Q: 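Sharing a structure, written as structure tokens. Questions coming.
Since we're looking at a predicted model, the values are computed, not measured. Throughout, a chain's letter reflects where its sequence line sits, starting with A, and its residues are numbered from 1.
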There are 2 protein chains.
Amino acid sequence: MTPQREAVLAAVRSSRVHPSAEEIIRQVRTTSPGIGLATVYRSLDVLVRSGRITELRLGDGAVARYDGNVRRHDHVVCSGCERVFDVEVDLPSSVVSAAGGQVDVDIDDYDLEFRGRCERCRG
Amino acid sequence: MTPQREAVLAAVRSSRVHPSAEEIIRQVRTTSPGIGLATVYRSLDVLVRSGRITELRLGDGAVARYDGNVRRHDHVVCSGCERVFDVEVDLPSSVVSAAGGQVDVDIDDYDLEFRGRCERCRG
DNA sequence: CCCTCGTTGAGAGTGATTCTCACTCTCTCC
DNA sequence: GGAGAGAGTGAGAATCACTCTCAACGAGGG
């Protein structure tokens, strides 16, 4: 762990908004002004591979977002403002086994993303 | 609907592999050799907006894939070969309402993606 | 000290997608 | 049975998020 990687990790962990790489670099540069773009991307990659953060592809999937919460959880995305909220729901194992029963794949994980309108974006 | 859009729609509908734009253009050019790349992307956009096909972002989300099956269904992605399989599972409405109970969002849809290893990629 | 090796920052490169623009086609509407 | 308007097209440039390359740096071991 180099100071740059620590700074990136701290930025992801302290954010509540599932930040993109661009938001992370903006935050990190407030404390480490000289850090390079490539270093941030490399640090994110290292942190994802070592299980310290997770990478998310939400909504249209165009940009990667990062989550400092590595406990299993799911997301709700507002289709108006694209904000992302964490939720903890229990997917019955019968659902997973139902999926596994339909194709010859050993399922070991899943991603569940809900979509809707938040209170600000309704009406 | 122009001939180009018909050709793109036919290519997506006839494919069983959730094709990317690149795979679609390759297929479409076998019957419409002069079609341009931009036209294929524009046609895909029109078809998605009109609900005739759906766009998927699976796995790392780097490339968009398209699905001619617009009935609600979910996907299993092999983490080895990245092949995508359709499954029809029933997410209990209690799961959706549990998610909706945790955040102030009116949830109207969800995406569920399973990951695992297919029979070819095991071992 | 000095060497090695991993890491860094800058900037070029990449791949998927989108934009721009001149051109064409298909409709009206005289 | 043109004329003009508007949508759609193909080619190529542009964009965007990200990844690679490379020279320089820096900590640790001998």
Side-chain angles (χ1 to χ4, degrees), chain A residues 1-12 15 17-67 77 82-84 113, chain B residues 1-12 15 17-68 77 81-84 113:
Chain A
M1 284 296 278
T2 64
Q4 287 88 341
R5 291 177 189 175
E6 294 284 6
V8 171
L9 177 58
V12 175
S15 173
V17 302
H18 305 79
S20 64
E22 195 193 321
E23 292 163 331
I24 291 164
I25 196 170
R26 213 173 11 246
Q27 167 61 30
V28 170
R29 280 185 171 158
T30 64
T31 55
S32 314
I35 196 168
L37 181 58
T39 301
V40 171
Y41 277 106
R42 279 184 300 235
S43 300
L44 288 167
D45 185 57
V46 167
L47 294 167
V48 168
R49 283 175 198 282
S50 62
R52 303 238 247 312
I53 64 176
T54 49
E55 183 179 335
L56 310 173
R57 292 284 182 160
L58 298 165
D60 71 353
V63 303
R65 300 181 155 275
Y66 297 88
D67 194 339
V77 184
E82 299 286 312
R83 280 191 301 161
V84 178
E113 174 185 337
Chain B
M1 285 296 276
T2 65
Q4 287 88 339
R5 292 177 187 175
E6 294 283 7
V8 170
L9 178 58
V12 175
S15 172
V17 301
H18 305 79
S20 64
E22 196 193 320
E23 292 163 329
I24 292 164
I25 197 169
R26 209 166 23 240
Q27 168 62 28
V28 170
R29 279 185 171 157
T30 63
T31 55
S32 314
I35 196 169
L37 182 58
T39 301
V40 170
Y41 277 105
R42 280 184 300 236
S43 299
L44 288 167
D45 185 58
V46 167
L47 295 168
V48 168
R49 282 175 197 283
S50 63
R52 304 239 246 311
I53 64 177
T54 50
E55 183 180 334
L56 311 173
R57 292 283 182 159
L58 300 165
D60 71 354
V63 303
R65 301 181 153 275
Y66 297 88
D67 193 338
V77 184
C81 59
E82 299 286 311
R83 279 190 302 161
V84 178
E113 175 186 336

Q: Indicate, with a heavy-atom threshold strictly under 4.0 Å, whether A/Thr39 touches base, sugar-phosphate, or nothing.
A: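 Base, at least one base heavy atom under 4.0 Å.
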Q: Write down the distance between CD (A/Gln4) and P (C/dG6), rounded to a whole number of angstrom.
A: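 Answer to the nearest Å: 17 Å.
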Q: Once side-chain hydrogen bond (donor to acceptor under 3.5 Å, both in side chains) is applied, what residue pairs with a partner in residues 30-44 of chain B remain, sequence neighbours excluded?
A: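 Qualifying pairs: B/Thr39-B/Arg42.
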Q: Just jot down the salt bridge (charged side-chain N to carboxylate O under 4.0 Å, His left out) partners of B/Asp60, sequence neighbours excluded, or say none.
A: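 For B/Asp60 there are no salt bridge (charged side-chain N to carboxylate O under 4.0 Å, His left out) partners, ignoring immediate neighbours.
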Q: By a strict heavy-atom criterion of less than 4.0 Å, which residues belonging to residues 49-61 of chain B are in contact with DNA chain C?
A: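 Those residues whose heavy atoms fall under 4.0 Å from DNA chain C, taken from residues 49-61 of chain B, amount to none.
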Q: Given side chains that start at C-beta, do those of B/Glu82 and B/Arg65 come closer than 4.5 Å, heavy atoms only?
A: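 The answer is no, as the side chains (C-beta and beyond) never meet within the 4.5 Å cut-off.
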Q: Rounded off to whole Å, could you give me the CG-to-C1' distance for the B/Leu37 and D/dA14 pair?
A: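 Atom CG in B/Leu37 sits about 13 Å away from atom C1' in D/dA14.
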Q: Have a look at B/Ile53 and tell me which of B/Val46, B/Asp67, B/Leu44, B/Val8 forms a side-chain contact (heavy atoms from CB on, under 4.5 Å) with it.
A: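 Exactly one pass, corresponding to B/Leu44.
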Q: Check whether any side-chain N or O of A/Glu23 sits under 3.5 Å from a backbone N or O of A/Ser20 as a donor-acceptor pair, and report yes or no.
A: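 Indeed, once roles are kept as given, a pair shorter than 3.5 Å links the two residues.
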Q: Can you check each nucleotide of nucleotides 19-28 of chain C against protein heavy atoms at under 4.0 Å and return B for base, S for sugar-phosphate only, - for none, in 5' to 3' order?
A: BB--------
Q: Carefully, step by step, assess A/Arg29 and A/Ile35 under the rule side-chain contact (heavy atoms from CB on, under 4.5 Å).
A: CA-CA 7 Å; A/Arg29 280 185 171 158; A/Ile35 196 168; 3.7 Å; yes
Q: Mind calculating the distance between OH (B/Tyr41) and P (D/dG12) to the nearest angstrom?
A: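 Between P of D/dG12 and OH of B/Tyr41: 17 Å.
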Q: For B/Arg5 and B/Arg29, take the nucleotide of DNA chain D holding the closest heavy atom to each; which residue's nucleotide lies nearer the 5' end?
A: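 Nearest nucleotide further toward 5': that of B/Arg5.
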Q: Rounded to the nearest Å, what distance is computed from the CG atom of residue A/Asp45 to the C1' atom of nucleotide C/dT8?
A: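 Value for this atom pair: 15 Å.
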Q: Does any N or O in the side chain of B/Glu6 come within less than 3.5 Å of the main-chain N or O of B/Met1, such that one atom is a donor and the other an acceptor?
A: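 Here the side-chain-to-backbone pair does not exist.
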Q: Give one of base, sugar-phosphate or nothing for A/Glu22, where a contact means two heavy atoms less than 4.0 Å apart.
A: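 It contacts nothing in the nucleic acid.
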Q: Which residues pass the side chain to side chain donor-acceptor pair (under 3.5 Å) test with B/Glu22, sequence neighbours left out?
A: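 Per chain and number, B/Glu22 pairs via side chain to side chain donor-acceptor pair (under 3.5 Å) with B/Arg26.
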Q: Just jot down the salt bridge (charged side-chain N to carboxylate O under 4.0 Å, His left out) partners of A/Arg5, sequence neighbours excluded, or say none.
A: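 In terms of salt bridge (charged side-chain N to carboxylate O under 4.0 Å, His left out), with neighbours along the sequence ignored, A/Arg5 is linked to no residue.
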Q: Would you kindly give the CD-to-P distance between A/Glu6 and C/dT8, to the nearest whole Å?
A: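 After rounding, the reported distance stands at 11 Å.
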Q: Quick one: B/Ile25 CD1 to C/dA16 P, roughly how many Å, whole number?
A: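 B/Ile25 atom CD1 is separated from C/dA16 atom P by 12 Å.
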Q: Roughly how many Å is it from CD1 in B/Ile35 to C1' in D/dT9, rounded to a whole number?
A: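 In whole Å, D/dT9 C1' lies 9 Å from B/Ile35 CD1.
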Q: Specify the separation, in whole Å, of atom CG of A/Leu44 and atom P of D/dA17.
A: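 In whole Å, D/dA17 P and A/Leu44 CG are 15 Å from each other.
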